[in-house]
Amino acid sequence: MRPLPSAGPHLDRLIRRDQLDAVRASLRQALPINMLLGLASFLVAVHSGHGALGAAWFAASTLVNLLRLWLCRTPCPGLAMAPDEAPSSEAAARSIDRHLRLACLAGLLSGSVWAFLPILCAGYTSEQTLFYLTVTCGITAGAVMHGIAYARIPICFVAPPLFSVAVCLLAAGGFDRICLAATVLLYFVALVRSSIATERGFRETSRLKNEATALAEARRAAHASASALAEEMRGRAMHDGLTGLLNRAGFVQRLEERRAQGEAVCLMMLDLDGFKSVNDVYGHGTGDRVLREVARRIRAALPITCDAARLGGDEFAIVYDTLHTVENPAALADRLIRTVAEPFESFDAGRVGVSIGICDVTVDSLTHLLSCADEALYAAKHSGRNRFHLFDEVLSRRLEMRRDCERCLSQALAENALQVWFQPIFGRGGRSVTSLEALVRWHHPVHGWVPPADLIAAAAMAGLTESLLRFILEQVCAMLCTLRERGMSDLSVAMNVSPREMAQIAVDEIVLERLRALGVPTTRLEIEITEETALDIEAVQGKLLALSRAGIRMALDDFGTGYSSLASLRQLRADRVKIDRSLVTGLSEAEDKRGLVQAVLGLGRALGLEVIAEGVETADDLSTLQAMGCPFMQGYHLGRPQPADDILRILDAQAETARQLRFGA
Ligand code: C2E
Ligand code: CA
Ligand code: CA
């Protein structure tokens, strides 16, 4: 920003420049008059018989005037700058001073020529004296009138002719002439004073003008820099610091703008596959590099009209107008998947993939659009790595179902419309029931049976996570009490608690308080938990520790699905592992699955963990597991999840058979 020229050389230079500017302008006006008066003097000289002298004088006068005109037009570096710009360099400032000095000199020269007028009128004694005196007075007064900007020029100009008048008058002698000479000198003094005063006035006006200009400029600059700052801050608030892409707020704003402009919006939600392992194995620094590189690849793969954002973590999003993009969403998604999956050349971070959910249908609101794309992403994630999924009718119905569930859940809980079913878990190689797994069930009046995962998600959206957990716990405790009453105290019951529930609510306090209140031993309750990619296990470790210390057994569910690891076993304080059914179902025909199950069984033995195989669907799978020495099993072949009454009937029957066997024995 330019400094305010309050005082000092900076302001002085600006004023000097104004002075030179004004001097040049006034000279351009005054010199033609000077020439006309010169011409008149020459004509009078010719008329009075002094043609030769007159011509010589007029030639000299014209020459000097031409010199002065030329000086006015000579370029001056200090004047070449913009009007509000001070001649910043010393050289520019010096050029102005030099031009002013030259103008003084030229003025003095011109004045000197006029000082020779007496040669045309015999030293102001001839008949033409009156004419020449009047001309001299006129031209000197005119010089002062025009030379308001820089006093030295009119002073230099008027001094020689007036002194020459005075000297000639004195030389001619006589009272009148002496008095006139004195008057001329007085007149000279008055002209000098007037010149100085007008220059002072001019400089003051120039100062005020320059200060005002600088003030206006400073305000403009301040405004511009404030606007730039505001713009930068707006940019920062809208962009992700790590990748430079839009952030969530910026993206939502762009989405809104695009929708408001009536664009046929296509929204893509991207979620990296395998990013958690990058962070775990290579550290967060490498994780950040991966995110930056992925962001760069996404941006490079997209047409310029697309907006890309990092919504947080390893989630990205893209929006564009389908009407103005030739490539269809599926082709674009395919290209994005391929570019992200390429290995990183400049650093070691393994490979990551990306799952993409796409929504290119017109929906009523932004929130709805976002949930549609999320739904598609969820479906893509579940179909494996590096897949994309378009939001379709099936997902639309599912989303609608979830929303309805969210709306009705509170009432359903209040009316006890939800149930908890139990699935038997068999011990002793699948020969007798040793525990039950509690599985929540809800038959929605419109949508029918709601998958538990959707129910849990709906509860989270409706803020009913704790109510749902308390409801399930109540049914589990009721089952434990019934089992105790029927003399089956050796059976335990497992309830599922998602890591999210564990993180959101005080599961440990709620569970322990209820068991204590009902007098149910903690050892009869089991908690099954899965590890989720997005969840910070360390955050829930305190609760897990409290539960485990109180005697509740912990089981790591869905072991082998990709996320769970040996580290999870330790972190989750697991006593049991449940081999995911994807590894168990069809085991008898798949050698690779057998190898994996065998490995988990070995791990269980080595770490003193109980191993349960879930998803036993056929007699072949059962016998294969038995042959492998699997201690615990669960699956449709052995027993499906059933309402409490039905399961109790089965248990009663099992107890009866056992009694008969004992009795028989
Ligand atoms: P999970 O904990 O792995 O539960 C086992 C799931 O596999 C149950 O599905 C069960 O019905 C099913 N299943 C059991 N045996 C077989 C079989 O032989 N073949 C096949 N194909 N499936 C079998 P469900 O009840 O639909 O539950 C799905 C998931 O929802 C559960 O997986 C669990 O993660 C979650 N879930 C269920 N109930 C609850 C609950 O009360 N709370 C929480 N937090 N999650 C629950
Ligand atoms: Ca389970
Ligand atoms: Ca499971």
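Worth knowing before you read on, the calculation uses all heavy atoms, side chains too, and leaves out hydrogens, waters and symmetry mates. Residues: numbered from 1 along the sequence shown. All ligand and atom numbering here is 1-based and tracks the order in the structure.
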min-distance N/O/S atom, Asp558 vs the Ca ion (ligand 3), resolves to OD1
Closest by any non-hydrogen atom to atom 44 (N) of ligand 1: pick that one out of Lys578, Glu501, Arg640.
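The option holding the nearest heavy atom is Glu501.
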Heavy atoms only: which of Met502, Glu617, Glu528 is nearest to atom 20 (C) of ligand 1?
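Minimum heavy-atom distance to atom 20 (C) of ligand 1 goes to Glu617.
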Indicate, as side chain, backbone, both or neither, the part of [X] found under 4.0 angstrom from ligand 1 when only non-hydrogen atoms are considered.
X	result
Ile472	side chain
Arg441	side chain
Met495	neither
Asp558	side chain
Ile456	side chain
Thr585	neither
His637	neither

Would you call [X] and [Y] a salt bridge, using N to O less than 4.0 angstrom?
X	Y	result
Glu342	Arg338	no
Lys543	Glu509	no
Arg553	Asp575	no
Arg310	Glu315	no
Arg581	Asp558	no
Lys578	Glu437	yes

To check your reading of the site, what angle at the Ca ion (ligand 2) do OD2 of Asp557 and OE2 of Glu437 form, to 10°?
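Seen from the Ca ion (ligand 2), OD2 and OE2 are separated by roughly 180°.
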Non-hydrogen atoms of Gln634 versus ligand 1: any pair closer than 4.0 Å?
no
If we only consider heavy atoms of Pro641, is any one of them less than 4.0 Å away from an atom in ligand 1?
yes
Do Trp442 and Trp421 have their ring centres less than 6.0 Å from each other?
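Ring centroids of Trp442 and Trp421 are no less than 6.0 Å from each other.
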I need the nearest protein heavy-atom contact for atom 13 (N) of ligand 1: residue, atom name and distance, please.
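Protein heavy atom at minimum distance: Tyr636 CE2, 3.6 Å.
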Suppose we only count N/O/S atoms under 3.0 Å; would Asn496 qualify as near the Ca ion (ligand 2)?
yes
Can you find a protein heavy atom closer to atom 9 (O) of ligand 1 than 4.0 Å?
no
Which of the numbered atoms in ligand 1 are under 4.0 angstrom from any heavy atom belonging to Pro452?
24 (P), 25 (O), 26 (O), 27 (O), 30 (O), 36 (N), 37 (C), 38 (N)
With a 4.5 Å cut-off on side-chain heavy atoms, are Leu469 and Ile505 touching?
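Sidechains of Leu469 and Ile505: in contact.
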Taking both backbone and side chain into account, is any N, O or S atom of Asp580 nearer than 3.0 Å to the Ca ion (ligand 3)?
no
Atom CE of Met461 with >12 non-hydrogen neighbours under 6.0 angstrom
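12 or below, so no.
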